[in-house]
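First up is the structure itself, then whatever we jot down about it.
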Amino acid sequence: MNAINFSCQGESHIATGKVCQDYSYSKVYENGNAIAIVCDGHGGKRYFRSDIGAKIAAEVTEQKVTAFIEAVGTTLLSGTKLTERAAISTQIDNREFDKQSPTERAFRQLFGSIIYEWNILVAEHAKATPISEEEKSGLEERWITEFEKGDSLEKVYGCTLIVYASTPAFWFAFQIGDGKCFAVDQNGNWSEPIPWDERCFLNKTTSICDSGAIDEFRYCYEGDGGFPMAIILGSDGIDDSFGAEENQENFYVQILKSLVKEGLEATITEIETTLPQLSKIGSQDDMSIAMVYNQSQIDEAYPRLIEWQICNVKRQIADENEKIAKANKIQQTLDSVEHPTRQNIIDLQYANADEKRAIESRSKLQGRLDTLLVELNGNVKEEISEKDEVCDSEEVAKNENIAPVTEDSDEDLSTDTSEEQPAE
């Protein structure tokens, strides 16, 4: 197994002089175990030490996960098929702890130990590090008073947490808050094994600093011998730059292909160069990535990764063909109008513009398809028309388009009524 992680300061943080509030970690141990962690400190002013909270969360989690693996041994998850668990707080019928299985109780104890230790360490840090005049700037007076009294310290250090851990016998992953965990198998199929929490929406997120955080963890595990070829964790700064999950998967395919073609060092350099650029043209938020992967399996699956991208491009070409056909239908209808109205003329202009954009996009996609075909098997041309069959797969990625810039102001979903909360 191999592991990579990298975090970078977001473009908006560079512009305002705000520190990077993300923290990532990854490691492959001598015994074959591996771990990847991504923590994203909240961006609101209320969380003025969230960068420190993120680092503490990662350090605590690494220690607690290591202890958990040693404690459960190989028996707890032995023979278990892939199992996914949503947050208890979203399942009204699953609130009674005594009805949970030994596996669920074990994971709940793990989450509780992480929360407990994190709270102890942030309190120690707050006590040892008085609030500075620089930190006070822009804070509401009540927050300053609370901090100096030692109240609600968890808010100051609030962050999200995503984790993947594996041993030769089993693997598991868990999360509280936003960001995404993607898994890819040896056939090139992508999935998100950790159930999503719909309460993580726009700039709102569940958080380790929530009063009911232990009920907000989602997780998955598997012990029947099946392992992802690669697991990639990304903070929401990456998610918000790509929008649809398929776009983000396509980005990760490029990273996996780079590991095969360029090697580890070159890929790390590529990530370190690309993520700041992605932040600049995308979310402008901090960005973190952490991954654990099997290099030999990626080497073997390289052709299937290219095939996945070919399916992706063909799907995009089909979409552009549909746009062209729709524009042509409008053009034909309006061209037959003997006395067009002003609205008819405007609609025709829009249809013409839509057709032009779609044709240009299809031409670029055809070039991309030709490149991928050469990369796969040396084929030079494969013309795609409206009637050509495209890959029918849920894993097909749409494109590498960058989503509109979003505001970096994540807030937790705790019961603190002093802050605006979304409806639950």
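For reference, positions follow the sequence shown, starting with 1.
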Over 12 non-hydrogen atoms of neighbours within 6.0 angstrom of NZ in Lys356:
no
In plain terms, say whether Glu146 and Arg142 are close enough for a salt bridge, that is, a side-chain N and a carboxylate O under 4.0 Å apart.
no
Rounded to the nearest 0.5 Å, what separation is found between the CG atom of Asn5 and the OG atom of Ser288?
8.5 Å
In terms of side-chain geometry, is the basic nitrogen of Lys127 or Glu124 positioned less than 4.0 Å from the acidic oxygen of its partner?
no
Consider ring pair (Phe, Tyr, Trp, His ring centres under 6.0 Å). Of Phe111, Phe174, Phe172, which one does Tyr219 pass it with?
Phe111
Pair Arg49 + Glu135, salt bridge at N-O below 4.0 Å:
yes
To the nearest 0.5 Å, how far apart are NZ in Lys64 and CD1 in Ile69?
14.0 Å
Cationic N near anionic O, under 4.0 Å, Arg362 to Glu355
no
Nearest 0.5 angstrom please: Phe48 CZ to Gln21 CD, how far?
12.0 Å
Take Ser235 and Asp22, measure what side chain to side chain donor-acceptor pair (under 3.5 Å) needs, and give me the verdict at the end.
CA-CA 8 Å; Ser235 62; Asp22 277 12; 2.9 Å; yes
Please walk me through it: do Gln175 and Lys180 pass side chain to side chain donor-acceptor pair (under 3.5 Å)?
CA-CA 9 Å; Gln175 177 174 6; Lys180 292 286 178 66; over 6 Å; no
With a 4.0 Å cut-off, would you call Lys323 and Glu320 a salt bridge?
yes
Do Glu375 and Lys261 sit within salt-bridge range, that is, some charged N less than 4.0 Å from a carboxylate O?
yes
Check this for me: Tyr350, atom OH, are more than 12 non-hydrogen atoms of other residues, nucleotides or ligands nearer than 6.0 Å?
no
Measure the CD-CG distance between Glu307 and Leu376 for me, rounded to the nearest 0.5 Å.
5.5 Å
Note: Arg108-Asp215 ion pair, threshold 4.0 Å (strictly below)
yes
Report the C-alpha separation of Gln248 and Asp239 in whole Å, then their side-chain angles, then the decisive distance to 0.1 Å, and conclude whether the side chain to side chain donor-acceptor pair (under 3.5 Å) test is met.
CA-CA 7 Å; Gln248 195 167 347; Asp239 301 347; 2.8 Å; yes
Do Tyr221 and Glu104 pair up side chain to side chain, a donor and an acceptor below 3.5 Å, judged on atom types alone?
yes
One pair to check against side chain to side chain donor-acceptor pair (under 3.5 Å): Asn250 and Gln254. What are the steps and the verdict?
CA-CA 7 Å; Asn250 200 40; Gln254 288 297 108; over 6 Å; no
Taking every non-hydrogen atom, the tightest pair across Ala290 and Ile37
CB-O, 3.7 Å
Taking the basic N atoms (NZ, or NE/NH1/NH2) and the acidic carboxylate oxygens, is any pair closer than 4.0 Å for Lys81 and Glu222?
no
Are Thr205 and His42 close enough, and set up right, to give a side chain to side chain contact (heavy atoms under 4.5 Å, CB included), and what steps lead you there?
CA-CA 9 Å; Thr205 180; His42 302 322; 3.7 Å; yes
Would you please test Val72 and Thr103 for side chain to side chain contact (heavy atoms under 4.5 Å, CB included) and show each step?
CA-CA 9 Å; Val72 302; Thr103 302; over 6 Å; no
